[in-house]
Amino acid sequence: VQLQASGGGLVQAGESLRLSCAAFGSISRIDGAGWYRQAPGKQRELVAAYTSGGSTNYADSVKGRFTISRDAAKNTVYLQMNSLEPEDTAVYYCHADRLVIRPDGRVLSDYWGQGTLVTVSS
């Protein structure tokens, strides 16, 4: 079982990127997930998340620019990032609150994927 993040890269300020976090393995579903980021010399911070109940939460710094979404059939979570700013430069990590595993319904909690680097030049 793994969460694989992709979609990072080098872009100019004002451009867009879409990050993907795909869950691989015998996964029945993802209950709640989010994206975090960590810039050099800073602590990891929440960027966007959704709960198993469907509500979403965004960091103030990305509200109106970033959108988290999911494709339940593909067990994939996305982060659409628009109007990128140099301050958005960081390694972005995906996180699952709960991964429900087939066939027995076993649950893996607080599961992290590897990071993907986003660099925004001015």
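Residues: numbered from 1 along the sequence shown. Heavy-atom basis, side chains included; hydrogens, waters and symmetry copies ignored.
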- Kindly indicate, with the supporting measurements, whether the criterion side-chain contact (heavy atoms from CB on, under 4.5 Å) is fulfilled by I68 and W35. CA-CA 8 Å; I68 189 169; W35 289 92; 3.9 Å; yes
- Message: Please find the pair of heavy atoms, one from G7 and one from L17, that lie closest to each other, and give the distance.
- Response: O-CD2, 3.7 Å
- Message: Let me confirm one number: the OG-CG distance from S109 to D97, rounded to the nearest 0.5 Å.
- Response: 8.5 Å
- NZ/NE/NH1/NH2 to OD/OE distance under 4.0 Å, R37 and D88: yes
- Query: Going through the checks in order, is the side-chain contact (heavy atoms from CB on, under 4.5 Å) test met by N57 and L46?
  - Reply: CA-CA 9 Å; N57 182 35; L46 174 68; 3.4 Å; yes
- Sub-3.5 Å donor-acceptor pair from the side chain of T76 to the main-chain atoms of K74, do we have one? yes
- Heavy-atom closest contact (A13 atom, P86 atom, distance): CB-CD, 4.1 Å
- Polar side chain donor-acceptor pair, Y36 to R44, under 3.5 angstrom: no
- Considering all heavy atoms of both residues, which atom of T67 and which atom of Y58 are nearest to each other, and what is their separation? CA-OH, 3.4 Å
- Task: Taking all non-hydrogen atoms of both residues into account, name the closest pair between I27 and R102 and its distance.
- Result: O-NH1, 2.8 Å
- Between the CG atom in L19 and the CD atom in Q80, the distance rounded to the nearest 0.5 Å is 9.0 Å
- If you measure from the Lys or Arg side-chain nitrogens to the Asp or Glu carboxylate oxygens, is any gap between D31 and R29 under 4.0 Å? yes
- Message: Using the rule given for side-chain contact (heavy atoms from CB on, under 4.5 Å), can you reason through F66 versus L84, listing the C-alpha separation, both sets of side-chain angles and the distance that settles it, and then say yes or no?
- Response: CA-CA 9 Å; F66 291 11; L84 283 161; 3.8 Å; yes
- Message: Just to verify, what does R106 make a side-chain hydrogen bond (donor to acceptor under 3.5 Å, both in side chains) with, not counting sequence neighbours?
- Response: none
- Close side-chain approach of L99 and V1, heavy atoms under 4.5 Å: yes
- Task: Report yes or no: do Y50 and V62 belong to one cluster of Ile/Leu/Val/Met/Phe/Trp/Tyr joined by side chain heavy-atom distances under 4.5 Å?
- Result: yes
- Task: Please examine the side chains of L3 and W112, heavy atoms only from C-beta on, and report whether any two atoms are closer than 4.5 Å.
- Result: no
- Test log, rule side-chain contact (heavy atoms from CB on, under 4.5 Å), inputs I101 and L108: CA-CA 8 Å; I101 308 301; L108 301 179; 4.0 Å; yes
- Message: Nearest 0.5 angstrom please: R18 CZ to M81 CE, how far?
- Response: 11.5 Å
- Side-chain heavy atoms of V100 within contact of I30, under 4.5 Å: no
- Query: Which pairs pass side-chain hydrogen bond (donor to acceptor under 3.5 Å, both in side chains) with one or both residues in residues 2-16, sequence neighbours excluded?
  - Reply: S16-N82
- Which heavy atom of A39 sits nearest a heavy atom of T89, and at what distance? CB-O, 3.6 Å
- Side chain of T116, backbone of G8: donor and acceptor closer than 3.5 Å? yes
- To the nearest 0.5 Å, what is the distance between CG (N75) and CZ (F24)? 10.0 Å
- Query: Any sub-3.5 Å donor-acceptor pair from Q114's side-chain atoms to A5's backbone N or O?
  - Reply: yes
- Message: As an exercise, state the distance from SG of C21 to OH of Y92, rounded to the nearest 0.5 Å.
- Response: 14.5 Å
- When every non-hydrogen atom of G113 is compared with those of Y93, the smallest separation belongs to O-CD2, 3.7 Å
